Structure formats: structure tokens, C-alpha cells
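What follows is a single structure, written as C-alpha cells, with notes after it.
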Number of protein chains: 2
Amino acid sequence: MAGKATRQQIVDAADQLFYSQGFDHTSFADIAAAVEISRGNFYYHFRTKDEILDAVIAKRLADRQALLASWDERGGTAQQRIACFIRIVIINQSKIMAWGCPVGTLTSELEKLEHASRNRANEIMALFRDWLVARFEEMGSGAAAQEHALHVLSWSQGVATLAQTFKDEAFVRREVEQILAWLEDLADGERSKDF
Amino acid sequence: MAGKATRQQIVDAADQLFYSQGFDHTSFADIAAAVEISRGNFYYHFRTKDEILDAVIAKRLADRQALLASWDERGGTAQQRIACFIRIVIINQSKIMAWGCPVGTLTSELEKLEHASRNRANEIMALFRDWLVARFEEMGSGAAAQEHALHVLSWSQGVATLAQTFKDEAFVRREVEQILAWLEDLADGERSKDF
DNA sequence: GTCTATATAGTGATAGAC
DNA sequence: GTCTATCACTATATAGAC
């Protein structure tokens, strides 16, 4: 097995384990077992646990950037692309019900640990925020774009947390319909400004 | 120092530490240091860490029940009492910005750990939900009471998560104003049904 | 009720053989 | 690049003195 492939396998396994078990609760032994390498070999690829965390954060950031870029490249109105973001909670419903939002739960955990990399993890949330701000500006929200972006992002975190607690599919569906209706009304309002 | 007082001190210290550091990351040594007793003495009061968790969950449940009861006893309309719930995110703003929502972050952590007590922790969230359902029914929301209750609860979790990540006071204030306006509109709507 | 001393298992991390 | 063996440390938990 090539070195790069092993390193990638470690990052992928750690990504999944940090999500499902939490960062602090995941041990080297857990990751090593998932990749099927010895703990000793582990340290050839990463010197510390924090280095793995940084690699996982970098991977998550890159993954989300690629996801957002794919929505932008597919074209469509700003409203349609914001709707793509909203529908993540349905597409990833089963994972969210088991482990919550991968972004929100990591930032929350690292904040509590006062971990040195917590600001780097927060950058993933900031990536979503800034992308949403740009989309709302595109929609014509102007100075309110920041407010609307944070509103949608906050909505997604609330839905994820309650979905994880109560595992209520109907709740998630209703909330998606409601925020999509809100978005529709907002888009209508912005368009009517032009007259 | 009386036994009961020591036990209570342990529960109070564990409550705070589980909130600020997380359950898994808090050790007996941490709690013992906070209460200023030896680790050995610790086991006279609690046999396992899980027993302390159960005591903390019971305390949090009782505290919230008392809080909700105090709002009900103070009187006022259902709308005004729901507004009390909404304003928690402002009253507890500094704690929420540091450590998130004590209820949401605990349920999230215990779900990831697949901890045996996770359903007991979820009962605290269910307590808020059921109280909100009763208040929306009182307001005249009928079958939509459950939906409105989960909407407000979800809102609170989203605001708490984003407040912890971005520490943006203006965001919290705006979200509170918006949901209070939504609640006002809803109350107006329910009242007009009577005619 | 409180303490010290200790058992046992798991943690992150290192050294060195292959 | 991968392994085994090992270290220092911390964790939960117990035993027994006071």
C-alpha cells in the first residue's frame, strides 16, 4: 500500500470517527483498528493527534468548498442554490439523526475543549456563512444578506440538533418546507423591489 | 461538612464541569479538585461516573421544571410565557457563547457516546418541548401546537450553536426580535380565529 | 466521612527491528 | 512503510487506615 494512500485512509477514518464518536473520545487505537494498521505505524504518518485533527479539518473544508462550487457550477438562481444548502438536512438525514451536524458538533466540542484548532474548525462554519451571504446578495438582499445567511445557518443547526435528539422525520420535512417558503417569499420581495 | 452537603457539592461541580468541558472529558480528578476533596473520598458518595451523570441529569431536570413552574406561577398570557423561554438565550448569553446550550450539547455528546443515559438526558429537551406544546395549545394553536413548539425549540438550539461559534451578540438580539415578532403574529392570528 | 496507597486498563507517544 | 515492544501518564475504581 502506497504511503499517500495510507495517510488518506487515516484521514478518512478519523473524519468518520471524529464525527460519530467525537474527537476527544476517539483514540489512536480506534483509528488504527479502522484502517487496519498498527498503532506504531500510525506515527510514521502523523506525529500527534492534533495533526490528524488539522488534517481532518482541512479535508472537511476542502470537501465543503467543492460541494458549494458544484452547486454554483450547476447554475440556477441564487434562490435555487440556497435551497440546495437547505435540503442537505434531508439528504444527510440518517447521519444527522445519528450524529448531528458534522460542522456544528465539532465546533461545539472544540470550543468546550478550548482546543488550539477550534478557530480552524469554525472556518468551516464561516465558509457556509460567507457562501450564503454571497447568494443572498446575489438575490438582492443587500445589507440584510449577512442577517439572512446567519438565519439559514442557525436554522440548519437547530434542525440538526433536534433531529439528533428526537429522530422525528416529519419535523425535519416540515422545517424544510417552512424555510423554503420563507426563502420564496423573500425572493419575491426582492424581485418586486425592482419595480 | 455534612454528607448530604458534600454530595450536593459534587453534583453542582459536576453539573458545571460537564457543561463547560463536556461529560467525557471531565475526570474524577477535575470534580474532586473543584469540590476540594480527595479522589478516594469521592467513591463514598458515587460508585461510578455514570451515577454522577444520572444525578446531574436529575438535577438539571428538576432545575428546569422549577424554572418553567416559576414562569407559570408568575402568571401572564401563554404568549408572554413563551417569550420568557425565548429570552433565555439573552439572559444566559455569556454562558451560551462560551459553552453552547447545556441541554443541547449534553444530548448531542451522549448520543455520540451511545451512552446508556442518553434517553434520560433527552427527557430534559422533551420537558421544554411538552411545556411549549401546552403553551401553544393555550394560545389556541390546536393541532399545530406540537409543530410550533418544536419550531421554537429548534430555533433556540440553532441560535445557541451559532452564538458559541461566532460570539455575535447582534445576531442573537436580531434572532430574538424576529422570533418574538413571529410569535406576536401567531398570537394575533389565533385571536382573530375567535371572530 | 475523609484520607493515602494502590490496582488495572487505556491513553498518546517513542525506539528500534525488519 | 510497517511492525513489536515499551515508556510515561492519566483514567476509573478499590482497599484499608484514621
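We use all heavy atoms of the structure for the numbers below, so side chains are in, but hydrogens, waters and symmetry mates are not. The sequence lines fix the lettering, A, B, ..., with proteins before strands; numbering per chain opens at 1. In this text, all values refer to a predicted model and were calculated from it rather than measured experimentally.
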| request: Specify the separation, in whole Å, of atom CZ of Phe42(A) and atom P of dT14(C). | output: 13 Å
| message | Regarding Glu138(B) and Arg81(B), does a basic nitrogen lie under 4.0 Å from an acidic carboxylate oxygen? | response | yes
| field | Spacing of Arg39(B) atom CZ relative to dT8(C) atom C1', expressed in whole Å | value | 14 Å
| field | Atom pair distance, as rounded to whole Å: CD1 in Ile37(A) and P in dG1(D) | value | 12 Å
| Spacing between Leu17(A) atom CG and dT11(C) atom P, to the nearest angstrom | 12 Å
| task | Provide, to the nearest angstrom, the distance between the OH atom belonging to Tyr44(A) and the C1' atom belonging to dG12(C). | result | 20 Å
| request: Could you state the atom-to-atom distance from OH of Tyr43(B) to C1' of dA7(C) in whole Å? | output: 12 Å
| task | Would you mind reading off the distance between Asp24(A) atom CG and dA11(D) atom P, rounded to a whole angstrom? | result | 11 Å
| said: Does Ser27(B) reach a base, just sugar-phosphate, or nothing at all? Heavy atoms under 4.0 Å. | reply: sugar-phosphate
| task | Return the 5'-most residue of the pair Asp30(A), Asn41(A) with respect to DNA chain C, ranking by each residue's nearest nucleotide. | result | Asp30(A)
| Quiz item: cation-pi between Arg64(B) and Phe128(B), 6.0 Å / 45° | no
| task | Rounded off to whole Å, could you give me the CD1-to-P distance for the Ile10(A) and dG1(D) pair? | result | 11 Å
| With the threshold set at 4.0 Å, does a side-chain nitrogen-carboxylate oxygen contact exist between Arg191(B) and Asp188(B)? | yes
| query | Out of dT2(C), dA13(C), dG1(D), which has the shortest distance to the side chain of His45(B)? | reply | dT2(C)
| query | Should Trp131(A) and Leu127(A) be regarded as members of a common hydrophobic cluster, given that ILVMFWY residues are connected when their side-chain heavy atoms come within less than 4.5 Å of each other, either directly or indirectly? | reply | yes
| Can you check whether Thr6(B) has a side-chain N or O nearer than 4.0 Å to OP1 or OP2 of dG1(C)? | no
| query | Could Asp24(B) and Lys112(B) be called an ion pair, given the rule that one side-chain N must be under 4.0 Å from one carboxylate O? | reply | no
| message | If you take any heavy atom closer than 4.0 Å to DNA chain D, which residues from residues 46-59 of chain A end up in contact? | response | none
| query | Within the pair His25(B) and dA11(D), is there a side-chain N or O less than 4.0 Å away from OP1 or OP2? | reply | no
